[in-house]
Every structure is written in structure tokens, then in C-alpha cells.
Amino acid sequence: MIVGIDLGTTHSLIGTFGEHGPTLFPNALGDLLTPSVVSVDADGHIIVGRAARDRMVSHPDASIATFKRFMGTPRETRLGKHVFRPEELSALILRSLVADAEAATGEKVTEAVISVPAYFSDAQRKATRAAGELAGLRIERLINEPTAAALAYGLQEKPDGARFLVFDLGGGTFDVSVLEMFDGVVEVHASAGDNFLGGEDFLDVMESAFLGDEKLATDTLSPQERGQLRRRLEQAKRELGAQGSAGIEWRIGERAVNWQIDEERFARLSDPLVQRMRAPLERAMRDARLQPAQLEEIVLVGGASRMPLVARMVSRMFGRLPLRHINPDQAIALGACIAAGLKSRDERLEEVILTDVCPYTLGTKVSRRDEQGREQTGFFSPVIHRNSTVPVSREETFQPFRDNQVKLTLEVYQGEHPMADRNIKLGELDIPLAPNRPAAQNSVNLRFTYDVNGVLQVEATLLATQERHELVLEQNPGLLSPAEIRSRLQALESIKIHPRDKHENIAMLARAERLYEEYIGARTQLQQWIAQFRTVLDTQDEQLIREHRRQLGQALDTLDAHA
Ligand code: ADP
Ligand code: MG
């Protein structure tokens, strides 16, 4: 079976393209959304998903979330006695998703289409492929998340030349992409965003409103109380959109608090965040050289786009209503499933080919003269601009700064900052110049070529002599070599992962432990419950365990609601 996977920063989903179109599979707890969280228990066994998220509270040092941000970097995370790279953490999520798909269908998963943000660099894409390999999957293709969203909405059926804007507000990231249909091909024309703006920031707004109203300071709350409060506020944030107002009841110490907020006030308090969403929207439109009226459709995806204030802001800015009828936290996964179906069955969809853009500006370091003619060094001079469709090749001619200069050191950078040093240096090349010449007769032609594999080739030609020098930048310190992947695959395979049929029990225990951590007043009671449940687990009597788990679940619900 070939599956489609949305490997998200906050949540991940898996599905396939079945007889009735794209279908998503639930995990062992019955949820379609699996939190992208990994935890390690005392025995060194791996826990993934909701139980791992609960363990972020009770075992913060043994649990990790939001590691998608580190894909493509060598950053390592220590969890208990294990040390993981971002690819390995992603592989653990993938393995858990695959087990869910296999349990749902009884078929073996062999290949996958995985969605990645449109702005993902080559290194980040390679890291995602490596994660797939580490999970024992053949990665059939990576699909850009906005393209997947467009497929879910059937936008590939639109006429040639149609352009769309995909607005994706997730847990901690905001991505804007402009897509164009061209000859049956979906092309990403521009992407922009804010890597630190998402649903969590709106939760912060709720929290400061609450703390302000109740005259509480964050530092007077214990981390456990803070966790409790944020979970309640998260619930309220979701109700707010659906009901127009929401509130929480909470007991802090001796004090019983009953707090309410309405949508209007929440929207007003969130205005600075809403304003921050404007810049990437404007930038993407500018980069794609489009006016709002030229967009065929605007699509909202990502869980946080459910907030009514998001649709209002988009409607106001673009003068029309966005599409948002497909469940926003499923749209990308559904699109990945459709892409998975492309290969196996439905010919109709075979037209769609995906192309990529170069996610960063590539250029070199130059000196300039200021108004007084003084030399100022260290400027970044772009050659290939961000969002150019790849493969792309551009040339620029540069002059040495001084007459009789004997050598030109060409430094290659990637980034968006006007000062070269604030960008990432990729490499450098020394070019010997023709001796004893005025600067104007010692020009160098620079050609940058960036291909679909993310390889950057830099060719420098000295115009006076036609002498050529070349620099090829392809190796990346953030990536694993094939040999490393093989050895890590073996290491990962030897790590014990809790079997799927134990997930419900593990999640129940993790939840009880989290509540123990949070509710000092109920600790004796919780400890008894945990001990009892462990005893029942030891009996290995499935029926008894199921009944006991149900009762414990109810007891925990009551405690969580009234403590
Ligand atoms: P990611 O792409 O980062 O994995 P998701 O698309 O799953 O993220 O979005 C997660 C975010 O969506 C969370 O911050 C969550 O609070 C928010 N969210 C989910 N449902 C709602 C809702 N009904 N109202 C407001 N925010 C929501
Ligand atoms: Mg997402």
C-alpha cells in the first residue's frame, strides 16, 4: 500500500487513496491527529503521540515536541539514555503512523508520499527523505504542503493560468504560498511566512488576558499549574470560535476562579498577531507579482485557521471569502493521499506534476562605496532570488574593487539579509585576476545554477582571458550520509517501541501521571489509582484491563473537570 502522510510540527496524519477517494486512518486511541511528540519511558522504550504529549508535563526531560523546526540541522536531543537527530525523531513518528495504517487495513505499507513546507530547503527535504528511510519506507515523493492543500480542494481541475493563495496557520508556524496551474502542473510561485507565529501565540494572548483579569503573575504559578491553566484555555480558545464566548472554571490554591471571554475581546487582544500575518501575505503577493483580484481562490488550512478572526482578516485583506470547508487540520493529509493515489490508480490525477522553488536567495559578498566614496564592505549581493522556480541559472558581472587587484575572493551566501555575514556562508572561491589592469578591465562573470536536487554550481569566468573557475556546493553538514543512515537504521531498529495494542494503557497511565503532577490535592488518590491499574495490567487479562481502563478514564475526567 502507498500512503500519504502530513508530518506536521504539532500533529501528524496518515491515510491512503482508496476506492472512495482519500481516507485517513485513526491511531490506536481512535484519533486521526497524532501529536508529533516523542517520549522515552524508564525502561528506554519509545512512546509516541498523545501519551508522549502528556509526558511533556510529567517527564519534560524525557520528551520532545516541535522537532520539525530542526530538520536539516545536526542538532541532537537527549531523551533518557538515547540521543536522537531530528530525522530519527521524525522516523519514530512515521513508524507509529505506519503501524496505525497497517492496523487499519491489514495491508503492509511499502511506499509513502510525505508533505513538506514549500519553503523547506534542500537539506530539510533530504532530512525528511532520510526520516522515511529510517522508518523503513520508500519515499515515493515529497509534496509541498500548499500543493497538497490545493489537491484536497480539487484546484488542479481549474483552468490553466489559475492562481491560488494557500494560507496555513498551524501550531507554531505560518506559511503563505501562491500557486499557479500551468499546463496541468501546479507550480509554487512564491512562499513566505513566519516560523514563529501560530496557534500557540493566540493561546498566549488568552493566558495574558486571564492573568491580567485575575491579577495573577506567571511566576506565581508552578509549572504544573501553568500546564493545567493552558490546557483549559486551549479548550476555551476552541469553543470561542464555535460559540462566540467561552470560559474556564479553575481552582488555584484556595481560590475558585470563573473566567469568561468573548470573541470580540479576544479578537481585539489578538490584533498585533493578526497584523503580523499581513507582512508575509503581502510579500508572497509581491513576489508573485499579483493583485488580490487575480487570485482564483484563497484556501485556509492549519488548525489555527479555524479561528473566525483569521477568516475575517483574510476576507478584509483580499475582498472575498476564502475556501475553508475541508477540515483545516486534515486538508494537507488528504492532499498527500490524493498524491499517493496519483501513482497507483486514478489517471485523472496523473497530470499533476509538482515543481519547486529555490527557498532562499543565493548571492555573494561585495563592497560598495558610500556617498563620500569610501569603501564599505560586507554587503550581500543576490544572484538568484528567493522563490525562483528551479532549475534556475543567472549571471551577473562583477568588477574588482581596486585597480591592479591580483585576486578576487568570491564568497557565496544564502539568506535574505542585506549584510552578507547575517546570512549563511556556503563556500568560497579564489579567482586569480589578470595582473596590472584597471578594475574596469578585470571584470568577472558569475553564473549561479541551482538545480532540482539543491546543488548550487558557481562558475566564474574572467572576461579578459576567458579563464573559468568552478565551485560546486552540495554537501551539507546538516545531513546524514547513506552509510550513516544505514548504521542509524540498525540502531533505531534495536530500540524497543511499545506495541500498538499497549497504547491505550500507556496513554491512560501517562494521563494519570500528568494529573498527579498537576493536582497536588489529589495525589494520594491518583497514586492509588495508578497502583491499582498497574496491578490490573500485570494480570494480562484483556477484558479486566479494558473494564478497568474505562473506569479509570471516567474517574480522571471527573478529576480534571472539578479539581
Ligand atoms: P501543525 O501544522 O503545526 O502540525 P495544526 O494544523 O495541527 O498544526 O494546528 C495546530 C494548532 O491549531 C494548535 O495551535 C491548535 O490550538 C489550533 N487549533 C486547532 N483547532 C482549533 C480551533 N477549533 N480553534 C482554534 N485553534 C485551533
Ligand atoms: Mg501543518
Side-chain angles (χ1 to χ4, degrees), residues 4 6-8 68 71-72 113-126 128-129 141-170 173-195 280-290 292 294-302 318 322-323 331-336 338-339 342 349 351-362 384-394 414 416 450-454:
D6 172 4
L7 190 57
K68 183 173 174 177
M71 287 294 269
V113 173
I114 301 181
S115 58
V116 293
Y119 63 80
F120 249 26
S121 67
D122 179 61
Q124 292 168 305
R125 285 167 198 262
K126 286 197 175 119
T128 306
R129 283 183 180 276
R141 130 187 298 168
L142 299 180
I143 178 173
N144 286 316
E145 288 170 4
T147 305
L151 288 180
Y153 273 96
L155 297 184
Q156 75 279 12
E157 309 286 332
K158 294 275 181 178
D160 237 26
R163 282 162 296 203
F164 320 109
L165 184 131
V166 178
F167 177 112
D168 181 355
L169 191 62
T173 53
F174 174 45
D175 302 326
V176 181
S177 320
V178 175
L179 308 182
E180 179 168 351
M181 288 301 307
F182 195 75
D183 254 351
V185 174
V186 182
E187 244 181 57
V188 178
H189 254 229
S191 71
D194 187 330
N195 252 335
L281 285 165
E282 283 164 0
R283 197 169 87 198
M285 291 296 284
R286 203 172 340 108
D287 286 349
R289 295 192 184 81
L290 283 183
Q294 294 172 288
L295 288 173
E296 185 92 2
E297 296 287 0
I298 299 161
V299 172
L300 299 192
V301 296
F318 291 92
L323 293 179
I332 289 170
L334 290 169
I338 294 172
L342 285 180
L349 295 168
E351 298 286 285
V352 185
I353 301 169
L354 311 148
T355 61
D356 288 315
V357 294
C358 169
Y360 301 109
T361 300
L362 299 165
I384 293 178
H385 284 277
R386 172 187 78 229
N387 287 330
S388 305
T389 303
V390 293
V392 52
S393 189
R394 297 251 158 76
Q414 95 178 14
E416 311 305 324
Y450 186 83
D451 71 13
V452 282
N453 300 313

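Residue indices begin at 1 and follow the sequence shown.
Lys158 approaches Met181 most closely through the heavy-atom pair O-CG, 4.4 Å. When all heavy atoms are compared, the tightest approach of Ala284 to Val178 is O-CG2, 3.9 Å. In terms of heavy-atom proximity, Ala118 sits nearest to Ser177 at CB-OG, 4.1 Å. Of all heavy-atom pairs spanning Val301 and Ala331, the tightest one is CG1-CB, 3.5 Å. Scanning both residues, Ala149 and Val166, for their nearest heavy atoms gives CB-CG1, 4.0 Å. Contact detail for Met285 and Pro292: the closest heavy-atom pair is CE-N, 3.6 Å.
Proximity of Arg141 to Leu342: side-chain heavy atoms (C-beta onward) are separated by under 4.5 Å at one or more points. Using a 4.5 Å heavy-atom cutoff, the side chains of Ile332 and Asp168 are in contact. Side-chain contact between Phe174 and Pro280: present, with at least one pair of heavy atoms (C-beta onward) separated by less than 4.5 Å. Taking the side chain as every heavy atom from C-beta outward, Pro117 and Gln124 never approach each other to under 4.5 Å. Side-chain contact check for Arg125 versus Asn144: some heavy-atom pair is nearer than 4.5 Å.
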Check against side-chain contact (heavy atoms from CB on, under 4.5 Å), Leu151 and Ile143: CA-CA 11 Å; Leu151 288 180; Ile143 178 173; 3.7 Å; yes
Verify side-chain contact (heavy atoms from CB on, under 4.5 Å) between Phe120 and Leu142, making sure each step is shown before the conclusion. CA-CA 11 Å; Phe120 249 26; Leu142 299 180; over 6 Å; no
Val186 vs Leu155, test: side-chain contact (heavy atoms from CB on, under 4.5 Å). Steps then yes/no. CA-CA 9 Å; Val186 182; Leu155 297 184; over 6 Å; no
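For the atom pair CD1 (Ile298) and CZ (Phe164), the distance works out to 11.5 Å, reported to the nearest 0.5 Å. Rounding to the nearest 0.5 angstrom, the gap separating the CZ atom in Arg286 from the CG atom in Leu281 is 11.5 Å. In this structure, CG in Leu290 is found 8.0 Å from NE2 in His189, a value given to the nearest 0.5 Å. Of the inter-residue distances, the one linking Leu362 atom CG with His385 atom NE2 reads 10.5 Å to the nearest 0.5 angstrom.
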